[in-house]
> 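This is the structure, below, for whatever I ask next.
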Amino acid sequence: QYISSDTSPPSDDENLSTEDTPSTEDIPSSEEVSLTVNDVAFIGDSRTLSMATGGKLEYAFFPSSSVFATWGGKITDTTATTNTQAAADANKKIAIFWFGINDVQSSDLAIRNDASLFRSNYENLIDLYRQTNPDSSIVVLSILTTSTQEKDYYEGQEDNILAYNKELQALCQEKNYTYLDITSLY
């Protein structure tokens, strides 16, 4: 599924058919599914941690048992693998992955300039999670574009962010994961 925060229809270059667009028939009723935040694993980098904690651990939005993220984390860091395995071991019904912004500015130029390599590494983490939880739903959040405050730090990386997001969207289409495009929210 492709879900966008943007209310305008996808452009032709997104290669999406109406079959890919969720309808209200695809949404289970509350009698069919009973989920709480405790059924969800949030796996990712500092933005994931920020989303889950409001930027301060004492103001956590989600229980710590649902958040598997590291400040400054990159898709290739050992902490990404460790966090993903810990999330898998927690046996959650839904895994929400949100990595990428640190990889865009990585000092590892191979990752920074190769969206398909980024995708391959991302896919490896999802596969690691699915080895333990093959029936869990997978949701991948798009990498947000940079804010005004971050423009200097991420200068020149907007094209990489777009390329990474296209790779993530393609991965989700191929594997039947949910891709949530949140770029218009920021």
Side-chain angles (χ1 to χ4, degrees), residues 1-4 15-16 19-20 22 26-28 32-53 57 60-106 108 110-144 160-161 163-182:
Q1 289 182 331
Y2 171 86
I3 301 172
S4 174
N15 295 322
L16 297 175
E19 294 172 3
D20 297 321
D26 296 331
I27 301 171
E32 294 172 1
V33 176
S34 177
L35 293 173
T36 70
V37 71
N38 292 315
D39 296 316
V40 180
F42 298 90
I43 306 164
D45 57 26
S46 52
R47 288 192 172 177
T48 306
L49 196 55
S50 226
M51 173 186 68
T53 65
L57 294 175
F61 296 132
F62 304 111
S64 60
S65 61
S66 292
V67 181
F68 305 87
T70 304
W71 294 111
K74 296 183 187 88
I75 200 84
T76 54
D77 289 347
T78 56
T79 55
T81 303
T82 303
N83 287 340
T84 300
Q85 186 61 60
D89 292 344
N91 200 27
K92 305 291 185 172
K93 295 177 184 176
I94 299 171
I96 299 175
F97 285 83
W98 195 19
F99 284 98
I101 194 62
N102 297 314
D103 301 279
V104 167
Q105 191 59 22
S106 175
D108 182 345
I111 293 287
R112 184 163 103 187
N113 296 318
D114 188 343
S116 63
L117 181 58
F118 170 77
R119 173 195 168 149
S120 176
N121 287 315
Y122 211 111
E123 186 172 6
N124 290 340
L125 285 182
I126 295 172
D127 288 346
L128 174 65
Y129 185 88
R130 302 235 352 132
Q131 286 172 8
T132 306
N133 300 287
D135 297 326
S136 291
S137 297
I138 302 296
V139 177
V140 175
L141 302 183
S142 64
I143 303 167
L144 290 174
N160 282 350
I161 291 171
Y164 281 28
N165 280 338
K166 283 186 178 187
E167 288 291 338
L168 292 176
Q169 183 179 355
L171 169 65
C172 290
Q173 282 181 319
E174 289 170 21
K175 298 286 189 166
N176 201 27
Y177 302 147
T178 299
Y179 176 78
L180 185 57
D181 180 2
I182 59 173

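Quick note: residue numbers are just sequence positions, from 1. Keep in mind that what you see is a predicted model, and the values were worked out from it rather than measured.
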> Working to the nearest 0.5 Å, report the span between CG of D89 and OG1 of T132.
5.5 Å
> Tell me which pairs pass salt bridge (charged side-chain N to carboxylate O under 4.0 Å, His left out) where either residue lies in residues 118-132, with sequence neighbours left out.
R119-E167, R119-E174, E123-K175
> Quick one: do Q85 and T81 satisfy side chain to side chain contact (heavy atoms under 4.5 Å, CB included)? Show the steps, please.
CA-CA 6 Å; Q85 186 61 60; T81 303; 5.6 Å; no
> So, taking the atom named CG in L168 and the one named CD1 in I143, what distance separates them when rounded to the nearest 0.5 Å?
5.5 Å
> Looking at every heavy atom in both I182 and L144, which two are closest together, and how far apart are they?
O-CD2, 3.3 Å
> Counting only N and O atoms by type, is there a donor-acceptor contact under 3.5 Å from the side chain of S136 to the main-chain atoms of K92?
yes
> Please confirm whether the backbone N or O of W98 pairs with a side-chain atom of T48, one donor and one acceptor, at under 3.5 Å?
yes
> Give the minimum heavy-atom separation between Y179 and S142, together with the two atoms involved.
OH-CB, 3.1 Å
> Side-chain contact test, heavy atoms from C-beta onward, threshold under 4.5 Å: evaluate it for L171 versus I126 and give yes or no.
yes
> Return the minimal non-hydrogen interatomic distance between A87 and A41, and the atom names on each side.
CB-CB, 4.0 Å
> Can you check whether Y129's main-chain N or O pairs, donor with acceptor, with T84's side chain at less than 3.5 Å?
no
> Atom CG in N91, atom CG in D39: separation rounded to 0.5 Å?
10.0 Å
> With a 3.5 Å distance limit and no angle check, can you tell me whether S120 reaches the backbone of S116 through a side-chain donor-acceptor pair?
no
> May I have the step-by-step check of side chain to side chain contact (heavy atoms under 4.5 Å, CB included) for S137 and I94, ending in yes or no?
CA-CA 5 Å; S137 297; I94 299 171; 4.2 Å; yes
> Walk me through whether C172 and T178 qualify under side chain to side chain contact (heavy atoms under 4.5 Å, CB included).
CA-CA 6 Å; C172 290; T178 299; over 6 Å; no
> For F99 and Y122, take the angle between the two ring planes, folded into 0 to 90°, and tell me which bin it lands in: parallel under 30, tilted 30 to 60, perpendicular over 60.
perpendicular
> Could you check whether any side-chain heavy atom of Y164 comes within less than 4.5 Å of a side-chain heavy atom of I75, counting everything from C-beta outward?
no
> Main chain of L117, side chain of D114: is a donor-acceptor contact present, judged purely on distance under 3.5 Å?
yes
> Who passes salt bridge (charged side-chain N to carboxylate O under 4.0 Å, His left out) against K93, sequence neighbours left out?
none
> Do N83 and T70 meet the criterion of a side-chain donor-acceptor pair at a distance under 3.5 Å?
yes
